[in-house]
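All values reported here derive from a predicted model rather than from experimental measurement. Sequence lines set the chain letters: A, B, ... in the order given, protein chains first and strands last, and positions in each chain run from 1.
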Amino acid sequence: MKKRLFCALLLGLPAYAGAAEPKVSEHILKNGLKVLVQEDHRSPVVVSQVWYKVGSSYEPGGITGISHMLEHMMFKGTDKLKPGEFSRIIAENGGEENAFTGTDYTAYFQTMNASRLAVSFELEADRMRHLHLLPEELKKELEVVTEERRMRTEDNPQAKVGEYFSAAAYTNSPYQHPVIGWPSDIAHYTVEDLNAWYQRWYAPNNATLVVVGDVKTDDVFALAEKYFAELKPSEIKPIKPQTEVPQLGVRRITVKVPAKLPYLAMGYKAPSLATAAEDWEAYALEVLAGVLDGGNSARLSSRLVRGKQIAVSAGAGYSLASRLSSLFELEGTPAEGKKVGDLEAALKKEIAELQKTLIGKEELERIKAQVLANQVYQRDSNFYQAMQLGMFETVGLGWPKVDEYVKRIQQVTAEQVRDVAKKYLVEDHLTVAYLEPQPINEPAVHKGDK
Amino acid sequence: MRNSLWGLFLLAVSQAVWSSVNIEHWQTAQGSRVFFVHTEGLPIADIVIDFDAGSARDGKQAGLAALTSNVLDTGAGQWNADRIAERFESVGAQFETGISSDTASVTLRTLTEKPLFDKAVETLHVILTKPTFSEADFQREKKRTLAGLKMREESPGDLADIAFSKALYGEHPYAHPETGLIETVATLKAADLRAFYRQYYVAANAVVVLVGNLSREQAEATVAALLKDLPAGQKAAPLPDVAMPGRATSQYTAYPSTQTHVLVGLPGIDRKDPDFFSLFVGNHILGGSGLVSKLFEEIREKRGLAYSAYSGFKPMQKKGPFVLGLQTRNDQTGEALKVLNRTLADFIAKGPTEAELTAAKKNITGGFPMRFDTNKKLANYVAMIGFYDLPLDYLDTFTQKVDAVTVASIVDAFKRHVDLNLLQTVTVGGDAQAKSGQ
């Protein structure tokens, strides 16, 4: 049954595709701006995203988080527009918009009725080269970002563990600092810092424009020429490699914060698709993460949460699309009466088994079936598809790797999964963080009429 | 810049054509109401089954609906949790259960390729009709739930939500958190879940939504296969009406966090309230429109007091909450609360300007197709229409009703629904200075 189903999937996919087969077209402007378009005519909408090759991993010490701060300031006015006007124009045109920053990218997006694409292009082209950084706006926005940090990290025990964990796991890789930045760095950004960062990285030849939706490819290319062609390119100096030095033994940290439950985070040094000696290793690591955490039938849920009941939750994760080598991560919360040490031992036992015994055929096919199906489901969302293209392009893999993904996952063998487990999930390359809960004083409640 | 954009806007408006959504509706012999939308382009189907079995049906056993929903897929027919998960995942199907105050939802996303689709649907059918609620599964999921409830206590935001619901709803079924309370969940037994399931997971209490690349015949056959052997049962009795709070109160909970979470509000409207569109558009201007609302402008853009500042109505079977919220550094709580209350009071006194109203309408009607531009969003929207018994042309008349809203209708609706003398204020955060400064 399993086997037949899988064949059905493989055979079925090309058959469904037909007219809806997603096709990406690329056009590069003379100034270096790369434009990617994928048509999808199911709904009269379009998503437009501008991706810059800059993020927290580009930042030197002292100004960590400045990519994210600049992302906030990009809404604060240009030579032509007053602070906030960008957002008002998008809103009046029925658009939704926002932006996000990661270790390897800063991206801006609008989702709009497809007929308004020109509005998005005109505004994005303007702020790509003509941002107007005002000291009084920076002063207020610094407070906003500080509040954002308090909300995301300071008052969230597990997020706090994550921050200390990354800082411990990496010796010299820029992945060691948080995307939002360290507090004292945030407090001391100046307009000059931000302006220098903007001038250094915001240029058409350091950006990718991705458009997915109810558009005609040639019209989008023409529109991109109209609004972006006049922007001058910059000389973008390549970033230094900052290759992480080898880890020479296990690292352990404890984080004591007010909390109710203990928590465990573990990470083994692992290459990304961009840094792996051979491509297949990254795809095999992706499948390995699926064996452990690819759904409710995967090993962590089945064996640790349900079977042994050592954890109330447990997860594994690997990020194939990153610019630098990163971590194969495991995390979890022990069940009542169990300790983080018990959970760590149980997770390591699962890893040892993966290194010793080949995963079963059905298990491997189940993971591949999910990857195949997900590929179809993802086509339901223009936004997600644009995200994939923008991210692969921006971390240096190139967007065609998005199309290759399913095929390469299908080729992964049980032996390869075992081999990457043996090669990368080794004790000397491991970092472990324990959250040791500190008492929270019983909340005192004060009630009153107003 | 503005001129050229304005030109584009006019051009685009004259060309705008809204795609309409054709919702097909029928009722099964056992009384389930079915809503179906045929879509093309992708070989997928989304199925949503909403039972009127949310936390408002908990009675004194807060957490009963949530735990029933959690245990549902851990054993059914001959299968244990592993087999069930393997059956779905081997065909790439995605299955979830979840609850809100009003609903218990069971959702399935699957490919429509026949053998894959049939296996997913058969699995769902057995979960719906033959869940086992074994003692071992129950005990394990109860422990996991209790751990989750404990963890909630390390989040000042969650603590504020809990206090806020209690302040608004007192003894009403909407008063307790959807996931329950430690003391009530601790006393639940597997038999309680079985009884809850038998009463509420019945055909007459179900709304079934299918969105995807299926024909009408396939949709009908799928519904029949899914609900076969599900007893007709009875539709849940109407929930009690919400009594408005007698007076304004404010409540501060000390918590060792760097920020104070602030929530202000009162019971708002039910889903069928005739003032819905005036309140929805008005709130869009006040605090519902992300980066351009009045609250966002006053709290964040002008003063840098918070990362997020918002307001919203959540219409439910009975009056759902109207809430304004923000989080700010502890020592700024008084100032932030003052700005929030003043912004609300000004808005109620004067309403929006004509220019603000026009801008909001352009945003809402211009962005209307984005509310259901994926099958998944469409399925959830149709489920809302079905569950709350809204007219089938709800989506077709939506922009028209938004356009009919006036400054006067907003002012009038807000005055009647948001009585400043009844506002409930909840703050949770660090330091004595965080006490709500009024």
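Looking at B:Asp137, neither its backbone nor its side chain comes within 4.5 Å of chain A, counting heavy atoms on both sides. Only the backbone of B:Ala306 comes within contact range of chain A, with at least one heavy atom under 4.5 Å from a heavy atom of that chain. Only the side chain of B:Gln332 comes within contact range of chain A, with heavy atoms under 4.5 Å apart. If you measure heavy-atom distances from B:Arg303 to chain A, the contacts under 4.5 Å come from the backbone alone. In this structure, no portion of B:Lys377 lies under 4.5 Å from any heavy atom of chain A. For A:Phe383, no part lies near chain B; criterion is any non-hydrogen pair under 4.5 Å.
Between B:Arg329 and A:Glu143, at least one side-chain N (NZ, or NE/NH1/NH2) sits under 4.0 Å from a carboxylate O, which counts as a salt bridge. In this structure, B:Asp373 does not pair ionically with A:Arg42, as no charged nitrogen and carboxylate oxygen lie closer than 4.0 Å. In summary, A:Lys260 and B:Glu153 engage in a salt bridge, as defined by a charged side-chain N under 4.0 Å from a carboxylate O.
Checked against side chain to side chain contact (heavy atoms under 4.5 Å, CB included), B:Asp158 has the following partners two or more places apart in sequence or in another chain: B:Arg152, B:Ser155, B:Asp161. B:His284 pairs by the side-chain hydrogen bond (donor to acceptor under 3.5 Å, both in side chains) definition with B:Asn363, not counting sequence neighbours.
Atom CD of B:Glu96 has 12 or fewer neighbouring heavy atoms from other residues, nucleotides or ligands inside a 6.0 Å radius.
B:Gln94 and A:Asn374 are linked by a side-chain donor-acceptor pair at a separation below 3.5 angstrom, with hydrogens and angles left out of the test.
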